[in-house]
Amino acid sequence: MERVVLAMSGGVDSSVAAHLLIEQGYDVVGLFMRHGEESSTACQLDLDERPNHRSLPIVKGRSDHKQGCCSASDADDARRVADRFGIPFYAMDMQSDFKRIVDYFVDEYRAGRTPNPCVQCNNWIKFGALFDYADAVNARYVATGHYAQLLPVIDDSVELGIFRGVDASKDQSYVLAGIDRKFLPRMLLPVGGFEKTRIREMAGQIGLNVANKKDSQEICFVTSGHHGEFVRGRSAATGQAKRLSIGTIETSDGRQVGTHDGIENFTIGQRKGLGVAMLEPYFVVRLDAIENKVIIGIREELARQRLHATGCNWLSDKNIDRDDLSVQIRYNSTAHAAMIERLAGGSMDITFENPVESIAPGQLAVAYEGNRVLGGGWIESAT
């Protein structure tokens, strides 16, 4: 029986993933990741006092087992699901790993970019550091509740590829584009072949208490739901708040129309919450971190024909000099027909068939061949 480490968040997707893996004959080990950020209620799980529930032997956690986590209720939900299935459940102290993600999140906003911490969490933790933990407990596979599919490919240098999930409205293949392809043979994505409604039905049929639990909508470590407040608080704690001073809001022709208290409150394409009154709808079209300026303009000024991306990760060696590819520029958005040119140094240039709005530096540009993820890179600029 092959062992699989399953990242359990306490939600319906990873909970049903546990059920599906058990049904398929895997030896499932459940893992809940404590990120160590302060939450409204500290996670107080005396896991070592319960059968089959303990801290990983290779993790040094707090002796009182009380630490901020994604939420106390999520941790408890994950524990109850593990109890329901009778599988081992480990609470991992991932504070040092999450600190890297939090620092990246803050640094990107301070630089006038729009970060994607969920992508980096997959790259660095869920399908990165988590494999180290899998090796420590002799597990061949790592699994999550992502809505994406791992399917065989026959015309490439790899045996498996990442494809969109069956449920287009929940597809999460975009956030998996940065995974090192060497991990593909050791990944399992049990729910990707199902519609979300079916996953909830299964959860109800097997009596899981999370069957009707709402999907998480916020970044797990931004417990207030306001990323600007989080960035300012984190910057103040590290002595960097002085760089988040009051700046100006200007139109694209240089006319000052207002002020702002930090560019971390804005992202490209934003319309609401600008703090200025204009005669027609205006949007954020550019952020200038050096001059601390928010540049706004009419909708037509959001359109871009090209973008340049760096730090590319390719899950395929297929020829991309073709006209049947598309590129997605943010999570939960439409992919646009485009031509892609791979460049030296791990970068790429993308030219869209039609202009695309709200291309934000810091986001991931993901290349698709039909429903298959070919790779992705971080957006640096758009023209």
Side-chain angles (χ1 to χ4, degrees), residues 104-119 174 217-219 222 224-235 240-309 326-338 349-366 378-383:
Y104 147 81
F105 179 83
V106 171
D107 290 344
E108 286 288 274
Y109 267 118
R110 293 177 65 245
R113 296 161 60 88
T114 304
N116 197 317
C118 294
V119 171
Y174 170 90
Q217 300 293 329
E218 302 295 340
I219 298 168
V222 184
S224 69
H226 301 289
H227 68 266
E229 293 178 3
F230 180 87
V231 171
R232 287 192 295 276
R234 197 78 174 198
S235 298
Q240 298 172 321
K242 61 184 180 180
R243 293 186 58 186
L244 296 171
S245 57
I246 292 176
T248 60
I249 299 175
E250 300 180 5
T251 59
S252 53
D253 59 4
R255 180 165 48 97
Q256 182 175 334
V257 292
T259 61
H260 65 84
D261 59 0
I263 60 172
E264 72 278 5
N265 293 309
F266 302 88
T267 188
I268 304 298
Q270 179 179 334
R271 176 185 174 186
K272 296 181 179 180
L274 300 183
V276 296
M278 308 296 289
L279 295 178
E280 59 182 311
Y282 268 66
F283 303 80
V284 176
V285 297
R286 186 166 62 88
L287 296 171
D288 185 338
I290 296 176
E291 298 293 331
N292 202 17
K293 294 180 180 180
V294 175
I295 313 301
I296 63 174
I298 59 175
R299 182 162 192 159
E300 287 76 7
E301 295 179 71
L302 288 173
R304 301 288 186 269
Q305 194 84 43
R306 301 175 181 83
L307 70 79
H308 178 70
S326 61
V327 173
Q328 187 170 326
I329 61 166
R330 71 177 68 82
Y331 176 64
N332 201 25
S333 69
T334 301
H336 303 271
D349 282 337
I350 294 171
T351 302
F352 292 101
E353 184 176 296
N354 298 301
V356 175
E357 293 184 354
S358 305
I359 299 176
Q363 287 287 287
L364 195 66
V366 177
W378 299 99
I379 299 171
E380 288 294 328
S381 60
T383 57

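- Within the 4.5 Å cutoff, the side chain of H336 has no heavy atoms near those of the V327 side chain.
- Of the inter-residue distances, the one linking I329 atom CD1 with I359 atom CD1 reads 5.0 Å to the nearest 0.5 angstrom.
- Considering CG of N265 and OH of Y109, their distance stands at 9.5 Å, rounded to 0.5 Å.
- At a threshold of 4.5 Å between non-hydrogen side-chain atoms, the residues V356 and R304 do not count as touching.
- Q305 contributes a side-chain N or O that, together with a main-chain N or O of F352, makes up a donor-acceptor pair within less than 3.5 Å.
- Between Y331 and L364, every side-chain heavy-atom pair lies at or beyond the 4.5 Å cut-off.
- Between atom CD of residue E380 and atom CG of residue L307 there is a gap of 10.5 Å, rounded to the nearest 0.5 Å.
- A heavy-atom distance below 4.5 Å is found between the side chains of Y104 and N116.
- Between W378 and V119 there is a side-chain heavy-atom pair separated by less than 4.5 Å.
- Formation of a donor-acceptor pair under 3.5 Å by the H308 side chain with backbone atoms of T383 is not found in this model.
- Expressed to the nearest 0.5 Å, how far CD1 of I268 lies from CZ of F283 amounts to 12.5 Å.
- At least one donor-acceptor pair closer than 3.5 Å links the side chain of Q363 to the backbone N or O of P115.
- At least one side-chain heavy atom of F105 sits less than 4.5 Å from a side-chain heavy atom of F230.
- Residue-environment remark: CD (Q256) exceeds the threshold of 12 foreign heavy atoms within 6.0 Å.
- The only option from V276, I249, V257, I298 that meets the side-chain contact (heavy atoms from CB on, under 4.5 Å) definition with Y282 turns out to be I298.
- Proximity of a side-chain donor or acceptor of R330 to a complementary backbone N or O of A360 within less than 3.5 Å is not detected.
- Nearest heavy atom pair, residue G112 against residue A289, reads N-CB, 4.0 Å.
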Could you please spell out the steps behind the side chain to side chain donor-acceptor pair (under 3.5 Å) verdict for E301 and S252? CA-CA 9 Å; E301 295 179 71; S252 53; 2.4 Å; yes
Would you check, one step at a time, whether the test side-chain contact (heavy atoms from CB on, under 4.5 Å) holds for T267 with V284? CA-CA 7 Å; T267 188; V284 176; over 6 Å; no
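- Considering only heavy atoms from C-beta on, V294 comes within 4.5 Å of L287 through its side chain.
- The shortest side-chain heavy-atom distance between E264 and E108 does not fall under the 4.5 Å cut-off.
- Distance CG/D288 to CD/E250: 8.5 Å, rounded to 0.5 Å.
- To the nearest 0.5 angstrom, R255 atom CZ is 8.0 Å from I296 atom CD1.
- Between the side chain of Q270 and the main chain of K272, a donor-acceptor pair closer than 3.5 Å is present.
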